[in-house]
Amino acid sequence: MLLYITHFLNGLLMIALPVGLGFYLRRKFGLGWGLWWIGAATFVLSQVGHLPFNALLTLLFERGVLPTPPQSWQMPFNALVLGLSAGLWEELTRYAVYRWWAKDARTWRRGVVLGAGHGGIEAAILGILVLVTYFFMLSMRNADLTRMLPASQVSIAQEQIQAYWSAPWYDTLLGALERAFALPLQISFSVLVLQTFTRRQTRWLWLAVFWHALVDALAVFALRSWGTYIAEVLVGVASLISLFVIFGLRQPEPSTPPPPGPSPQPILRPKIPSQMDETLENLEESRYN
């Protein structure tokens, strides 16, 4: 019975966490949802190129067009390639969005909101997929698979369903934990790329690419070599470092000029004649000037 709750809670939290962060930032910074959605669009645009690129690389390696490393090096090599692919596609897309779309996003607060949207829509999409899987597995748990699938696929499907419903309850919440770690990471990437424009130094873009690639490569390698728990610990450490990056690069917001007030009235001064006749009449008038 507990797994019914935790599987569902996992998907729900993956959606609720980024949405809750979006509401918090909107209230704290008063910037609205526009930049959040631009960040969300940035992630989607990056995946339009990233996913087909990864599929193409896989095909080229499988067909021998690209040379593959020795067997002992394939694991770190694959992790490095996947990390670089993610870092390049996402951070170069983020740079393009800053340059040609979000041209007014040149402050720390705006960079944070844009990064929250980037990581937020990623978490929400994955959360929706988790919930879809949950309801599918719920419907298939007691179903007669022999009537629904070919005989060659029945045993495989049964094993998958059994594994899904027999997992430890704490394992079913790892997806939400990973998304909670990923949000600070995405915000740190966004703030790093922002420095390219505020400091006018391209090296910040490549630093963001390197940081993104390192975290992704390390997570992939740890997951396949040491298991899920070690991978989550390493991602958690990277998330903590990202918080230091975010607040270490915090800059004061530019001061807002005061609203224009009424134009000051000119001070009227008495007109002094250029040449004053020393007459009794002028002397009498000068007593009141």
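Any value given below was found using the heavy atoms of this structure, including those in side chains, with hydrogens, waters and symmetry copies removed. In this chain, numbering begins with 1 at the start of the sequence shown.
Under 3.5 Å, the side chains of T6 and T172 contain a donor-acceptor pair of N or O atoms. A donor-acceptor contact closer than 3.5 angstrom is absent between the side chains of R141 and Q162. Residues H50 and S85 bring a donor and an acceptor atom of their side chains to less than 3.5 Å of each other. Using modelled atom types and a 3.5 Å distance limit, the side chains of R203 and Q201 yield a donor-acceptor pair.
The CG atom of L194 lies 9.5 Å from the CZ atom of R199; values are rounded to the nearest 0.5 Å. How far CG of L240 is from CG of L185: 10.5 Å, rounded to the nearest 0.5 Å.
Side-chain atoms of D216 and L82, non-hydrogen and from C-beta on, never get closer than 4.5 Å to each other. I121 places a side-chain heavy atom less than 4.5 Å from the side chain of I125. Contact check for M140 versus M148: side-chain heavy atoms found under the 4.5 Å cut-off. T107 has its side chain out of reach of V112: every pair of non-hydrogen atoms, C-beta onward, lies at least 4.5 Å apart. For the pair L31 and W36, the minimum side-chain heavy-atom distance is 4.5 Å or more. E232 has its side chain within reach of F181: a pair of non-hydrogen atoms, C-beta onward, lies under 4.5 Å apart. Contact check for Q186 versus E90: side-chain heavy atoms found under the 4.5 Å cut-off. Taking the side chain as every heavy atom from C-beta outward, I38 and L114 approach each other to under 4.5 Å.
Taking the six-membered ring for Trp and the full ring otherwise, Y4 and W165 have centroids separated by under 6.0 Å. Aromatic ring centres of F136 and Y164 lie farther apart than the 6.0 Å criterion allows. The aromatic ring centroids of W206 and Y95 lie 6.0 Å or more from each other.
Judged by distance alone, the side chain of W108 and the main-chain N or O of I246 form a donor-acceptor pair under 3.5 Å. S46 contributes a side-chain N or O that, together with a main-chain N or O of F43, makes up a donor-acceptor pair within less than 3.5 Å. With hydrogens and angles ignored, the 3.5 Å screen pairs a side-chain donor or acceptor of S242 with a backbone N or O of A238. Using a distance-only test at 3.5 Å, with no hydrogens or angles considered, no donor-acceptor pair links the side chain of Q74 to the main chain of P70. Listed for the T196 side chain is a donor-acceptor partner under 3.5 Å among the backbone atoms of L205. Checked by atom type and distance alone, the side chain of R147 never pairs as donor or acceptor with a backbone atom of A143 at under 3.5 Å.
Tracing side-chain contacts under 4.5 Å through hydrophobic residues (I, L, V, M, F, W, Y), one never reaches V215 starting from M75; they form parts of separate clusters. Tracing side-chain contacts under 4.5 Å through hydrophobic residues (I, L, V, M, F, W, Y), one reaches V81 starting from L60; they form part of the same cluster. Under the 4.5 Å side-chain heavy-atom criterion for Ile, Leu, Val, Met, Phe, Trp and Tyr, V220 and L174 are members of distinct hydrophobic clusters. Residues L138 and I15 fall within the same hydrophobic cluster, defined by Ile, Leu, Val, Met, Phe, Trp and Tyr side chains chained together at heavy-atom separations under 4.5 Å. V48 is not connected to L88 by any chain of hydrophobic side-chain contacts under 4.5 Å among Ile, Leu, Val, Met, Phe, Trp and Tyr, and they are in different clusters.
In this structure, R110 and D104 approach most closely via the heavy-atom pair CD-O, 3.3 Å. Nearest heavy-atom pair, S190 versus R94, reported as atom, atom and distance to 0.1 Å: CA-CD, 3.5 Å. Between G115 and I187, the closest heavy-atom pair is C-CG1, 3.8 Å. Across every non-hydrogen atom of A180 and L17, the tightest pair is CB-CD1, 4.1 Å. Taking every heavy atom of both residues into account, A176 and L13 meet most closely at CB-CB, 3.7 Å. Taking each heavy atom of G119 and L183 in turn, the nearest pair found is C-CD2, 3.6 Å.
Ring geometry for Y98 versus F197: interplanar angle of 30 to 60°, hence tilted. Ring pair Y134/F8 is tilted by interplanar angle, where 30° to 60° counts as tilted. Under the 30°/60° scheme for interplanar angles, the aromatic rings of Y170 and Y229 are found to be tilted. Ring orientation note: the planes of H212 and F189 are close to parallel, at an angle under 30° on the 30°/60° scale.
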Working note: Q195 + Q251, criterion side-chain contact (heavy atoms from CB on, under 4.5 Å); need CA distance, chi angles, decisive distance, verdict.
CA-CA 11 Å; Q195 307 308 306; Q251 295 175 334; 4.0 Å; yes

